[in-house]
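Below you'll find the structure, written out as structure tokens, and then a few comments.
As a basis for the values below, the full set of heavy atoms in this structure was taken, side chains included, without hydrogen atoms, waters or symmetry mates. Counting convention: from 1, in listed order, for ligands and their atoms alike.
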Amino acid sequence: MNLSRPPVPGKECGSCTLCCKLPAIAALNKPRGVWCSHALPGRGCGIYEERPGICRDFHCEWMVNAGLGPEWKPATCKFVIFMAPDGNLSVLADSGYPDAWRNPRYYPWLKTNAARMMEHNKLVVVLAGPDMIVILPNRDERLRVPEGHIVHVARTPTPAGIKYDVETRPAGATPA
Ligand code: SF4
Ligand code: SF4
């Protein structure tokens with residue numbers, strides 16, 4: 001998560017509490033997509049002074065990225081973006097607005113960053129319910145990732161351009 005990047009001066013959570021719903025938080029035994037039992041939606045945290053360290057340290061991508069304007073604030077765009085520990089840029093979709101990330105206000109930025117990050121073997125992925133959508137430069141691919149597996153994208157140059165093959169493999173498996 002964005003544990004080391006400080007918030008951009010002037011950006012504040014305000015009434016946005018979406019990161020108390022969308023991410024899974026192991027320290028709170030909270031699954032993805034359900035409100036934390038301590039959350040006061042639209043108002044804040046019911047145990048603010050005693051909230052766990054992961055909550056104190058977490059800042060979504062909007063908070064730490066000066067290039068993302070007010071339309072990207074999660075309370076407005078209806079999804080939360082964060083840099084996951086695996087280095088992939090993850091978009092957490094809200095079940096009530098599962099396709100909000102496809103809005104033309106946001107989609108081109110996600111697509112551009114997907115191409116840029118793929119040069120460094122990192123991905124932009126959308127987590128929507130049980131599915132993952134991998135945003136590729138030439139298409140988006142929806143898949144289910146079994147527990148303990150990771151997503152790998154192989155890039156093969158062809159006369160028609162780069163071919164992308166998406167697969168899941170057990171975490172720690174040796175690449176083929
Ligand atoms: S999702 Fe971002 S802006 Fe919203 S409460 Fe969490 S850190 Fe703050
Ligand atoms: S403990 Fe507080 S800050 Fe952390 S997820 Fe729950 S409501 Fe949000």
Side-chain angles (χ1 to χ4, degrees), residues 1-118 120 122-135 140 142 145 147-148 150-151:
M1 294 194 176
N2 300 312
L3 300 181
S4 58
R5 298 158 69 196
V8 173
K11 288 192 176 183
E12 294 178 352
C13 296
S15 61
C16 176
T17 48
L18 214 51
C19 62
C20 300
K21 177 185 180 187
L22 300 189
I25 304 176
L28 292 164
N29 202 23
K30 188 191 97 53
R32 186 152 49 86
V34 299
W35 284 107
C36 171
S37 60
H38 305 296
L40 306 170
R43 289 192 288 151
C45 173
I47 58 165
Y48 186 78
E49 295 301 331
E50 291 82 37
R51 69 196 187 286
I54 187 73
C55 301
R56 294 174 186 273
D57 295 339
F58 178 77
H59 300 110
C60 69
E61 184 67 19
W62 175 75
M63 287 283 283
V64 300
N65 188 330
L68 298 181
E71 73 277 17
W72 287 88
K73 187 170 185 175
T76 299
C77 67
K78 309 300 185 190
F79 51 81
V80 172
I81 305 179
F82 70 100
M83 193 64 75
D86 60 9
N88 292 337
L89 194 67
S90 296
V91 180
L92 295 171
D94 194 345
S95 57
Y97 309 87
D99 293 322
W101 58 278
R102 295 186 196 274
N103 186 303
R105 282 206 289 182
Y106 311 116
Y107 186 68
W109 186 92
L110 295 172
K111 205 72 170 171
T112 298
N113 277 276
R116 184 178 60 80
M117 291 182 68
M118 195 152 288
H120 304 281
K122 298 299 178 190
L123 304 173
V124 177
V125 300
V126 179
L127 303 175
D131 291 346
M132 174 184 284
I133 300 141
V134 182
I135 299 180
D140 302 331
R142 181 181 286 262
V145 183
E147 187 75 27
I150 60 169
V151 175

Q. Nearest heavy-atom pair of Ile25 and Ile54: which atoms, and what distance?
A. CG2-CG2, 3.8 Å
**Q.** Minimum heavy-atom distance between Lys78 and Ala100, given as atom pair plus value
**A.**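 Closest approach of Lys78 to Ala100: CB-CB, 4.2 Å.
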Q | Listed partners of Trp35 passing ring pair (Phe, Tyr, Trp, His ring centres under 6.0 Å), at least two apart | A |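 Per chain and number, Trp35 pairs via ring pair (Phe, Tyr, Trp, His ring centres under 6.0 Å) with no residue.
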Q: Tell me which protein heavy atom sits closest to atom 5 (S) of ligand 1, plus the residue, atom name and distance to 0.1 Å.
A: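 Answer, as residue, atom name and distance: Cys16 O, 2.8 Å.
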Q | Per-atom contacts of ligand 1 with Cys13, taking only distances under 4.0 Å to non-hydrogen atoms | A |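 Atoms satisfying the 4.0 Å criterion: 5 (S), 7 (S), 8 (Fe).
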Q. Counting only heavy atoms, which portion of Cys60 has something under 4.0 Å from ligand 1: side chain, backbone, both, or neither?
A.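 Answer for Cys60: both.
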Q. More than 12 heavy atoms of other residues, nucleotides or ligands under 6.0 Å from CZ of Arg43: is that the case?
A. no
Q. More than 12 heavy atoms of other residues, nucleotides or ligands under 6.0 Å from CD of Glu12: is that the case?
A. no
Q. Which one of Trp62, Trp101, Phe79 satisfies the ring-ring contact (aromatic ring centres under 6.0 Å, His included) criterion with Tyr106?
A.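 Result: among Trp62, Trp101, Phe79, Phe79 is the only option passing the ring-ring contact (aromatic ring centres under 6.0 Å, His included) with Tyr106.
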Q: Mind checking how many protein N/O/S atoms fall short of 2.8 Å from atom 8 (Fe) of ligand 2?
A: 1
Q.
Under 4.0 Å between a side-chain nitrogen and a carboxylate oxygen: does that hold for Arg142 and Asp131?
A.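 Looking at Asp131 together with Arg142, the answer is yes, because their closest N to O distance falls below 4.0 Å.
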